[in-house]
Protein chains: 2
Amino acid sequence: MIKGLENPMDSELERFMDILREGGYKVTPQRIAVLKVLVGNRTHPSADQIYQEVRKEHPMISLATVYKTLELLKEMGQVMELGFSNRSTRYDPQVDPHLNLVCLRCGFIEDVHETSLNSLTNVVEDASNFEVHSGRFELYGLCSTCRSEPVAVAARVP
Amino acid sequence: MIKGLENPMDSELERFMDILREGGYKVTPQRIAVLKVLVGNRTHPSADQIYQEVRKEHPMISLATVYKTLELLKEMGQVMELGFSNRSTRYDPQVDPHLNLVCLRCGFIEDVHETSLNSLTNVVEDASNFEVHSGRFELYGLCSTCRSEPVAVAARVP
DNA sequence: CTATTTATTAGGAATCATTATTGATAAAAG
DNA sequence: CTTTTATCAATAATGATTCCTAATAAATAG
């Protein structure tokens, strides 16, 4: 392997770090740690889940720092913050328009890329006088696993 | 006017009351008051806004009762609960698939009915093995009013 | 490499929307 | 009208998120 290109995620991490620097923000070990958890992450983690993960390598980091880093990334449009009705919030580094399939029983969120969502934006901008910045598309129901289970245990929406 | 049909909203209110009864729940004055605020409401009110509105006619009602009634309506699929990332939650009695245009500056939410959303459900159910129960579709950006304003005052997403 | 400047951090307290609890109350059925 | 329960108001509790402050450490220039 060529030095500096060991992992395809590394370039993504570099990109995040460049974006921080361009925004005039310092690249600190804590921020790098949070970024590492997010890069390539498709699990839609909560702030606390990110915190727990980061703590493994960075035991002294505080939850407030995780929140601040997420806030920064959100402002720079690098992370989507998904608030749910049960007060839980999940973070998604995938910011292009896509569909989230949210299981109402187990809380699992699956990404689906649907090309029709892109045209939606155009249709709306033409029809109404609304300037679209970002979007969020969710379908709630039962995932394949939970569908085949006999009885509901307990709803735990993300 | 014919007695009992004075207001087109009355039949909608009756429908809600029937649904409560069918669910084995009692039709109490407090629940009727909350229902009256919701029927035909397109303002996507928060629990507190509903509470303040209900208090005008029902000064002794508690916020907890409003929450419980909303919880009931949510369970019966008559109201959508929209959690946002800033911890605010809005309620929408319009449960059919539609698009919400959320202004990032003034917080106004506009409904847009887009037929393509119905087919989305079908596409997903065919492609993946997911059983769709409901959906939420949002575009974030600037409404026509805020677009034409010179400077941002303060972001107050719903 | 070191000093200087200034953003950032850890930790804990504070906040605030929402939920749980409990004795009192009133809707529905007979 | 009375009984049986579900529901109510009020308040305490919960828990995710934000605020606060002294201490720390990036970044930059010399």
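Just so it is clear: chains get the letters A, B, ... in the order the sequence lines come, proteins before strands, and each one is counted from 1.
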In this structure, how many angstroms lie between the [atom2] atom of [N] and the [atom1] atom of [X], rounded?
X: A/Arg55; N: C/dT9; atom1: CZ; atom2: P; result: 17 Å
X: A/Met60; N: D/dA25; atom1: CE; atom2: C1'; result: 15 Å
X: B/Ile32; N: D/dC8; atom1: CD1; atom2: P; result: 11 Å
X: B/Glu81; N: C/dA17; atom1: CD; atom2: C1'; result: 12 Å
X: B/Asn86; N: C/dT15; atom1: CG; atom2: C1'; result: 14 Å
X: A/Leu63; N: D/dT18; atom1: CG; atom2: P; result: 10 Å
X: A/Leu73; N: C/dT8; atom1: CG; atom2: C1'; result: 15 Å
X: A/Ile61; N: C/dA10; atom1: CD1; atom2: P; result: 5 Å

Is there, by distance only and without an angle test, a donor paired with an acceptor across the side chain of A/Lys68 and the base of C/dT8 below 3.5 Å?
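For A/Lys68, whose side chain was compared with the base of C/dT8, there is no donor-acceptor pair (under 3.5 Å).
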Could you check if a side-chain atom of B/His113 sits within less than 4.5 angstrom of a side-chain atom of B/Leu99, using non-hydrogen atoms only?
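Side-chain contact under 4.5 Å: no.
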Does B/Val27 or A/Gly24 map to a spot on DNA chain C nearer the 5' end, using the closest nucleotide for each?
A/Gly24
Go nucleotide by nucleotide along DNA chain C from the 5' end; which of B/Glu71 and B/Lys26 gets its closest nucleotide reached first?
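Between the two, 5'-proximity favours B/Glu71.
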Flag, side chain of B/Arg87 to backbone of A/Arg87, donor-acceptor distance under 3.5 Å
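Looks like no, no N/O pair under 3.5 Å.
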Need to verify one output field. Residue with the more 5' nearest nucleotide on DNA chain D, B/Arg87 or B/Ser62?
B/Ser62
We want to know whether B/Gln49 and B/Tyr51 form a side-chain donor-acceptor pair, criterion being a heavy-atom distance below 3.5 angstrom.
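Checked: B/Gln49/B/Tyr51 side chains show no N/O donor-acceptor pair below 3.5 Å.
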So, OP1 or OP2 of [N]: does either fall under 4.0 Å of a side-chain N or O from [X]?
X: A/Gln30; N: D/dT24; result: no
X: A/Thr65; N: C/dA10; result: yes
X: A/Thr28; N: C/dT9; result: yes
X: A/Ser46; N: D/dA16; result: no
X: B/Arg31; N: D/dT7; result: yes

Counting only heavy atoms from other residues, nucleotides and ligands, does the tally under 6.0 Å from CD of B/Glu57 exceed 12?
no
Closest nucleotide among D/dA16, C/dA28, D/dA26 to the A/Pro29 side chain:
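The nucleotide sitting nearest to the side chain is D/dA26.
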Establish, yes or no, whether the cationic atom of B/Arg136 lies under 6.0 Å from the six-membered ring centre of B/Phe84 and within 45° of the ring axis.
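Cation-pi check for B/Arg136 and B/Phe84: passes.
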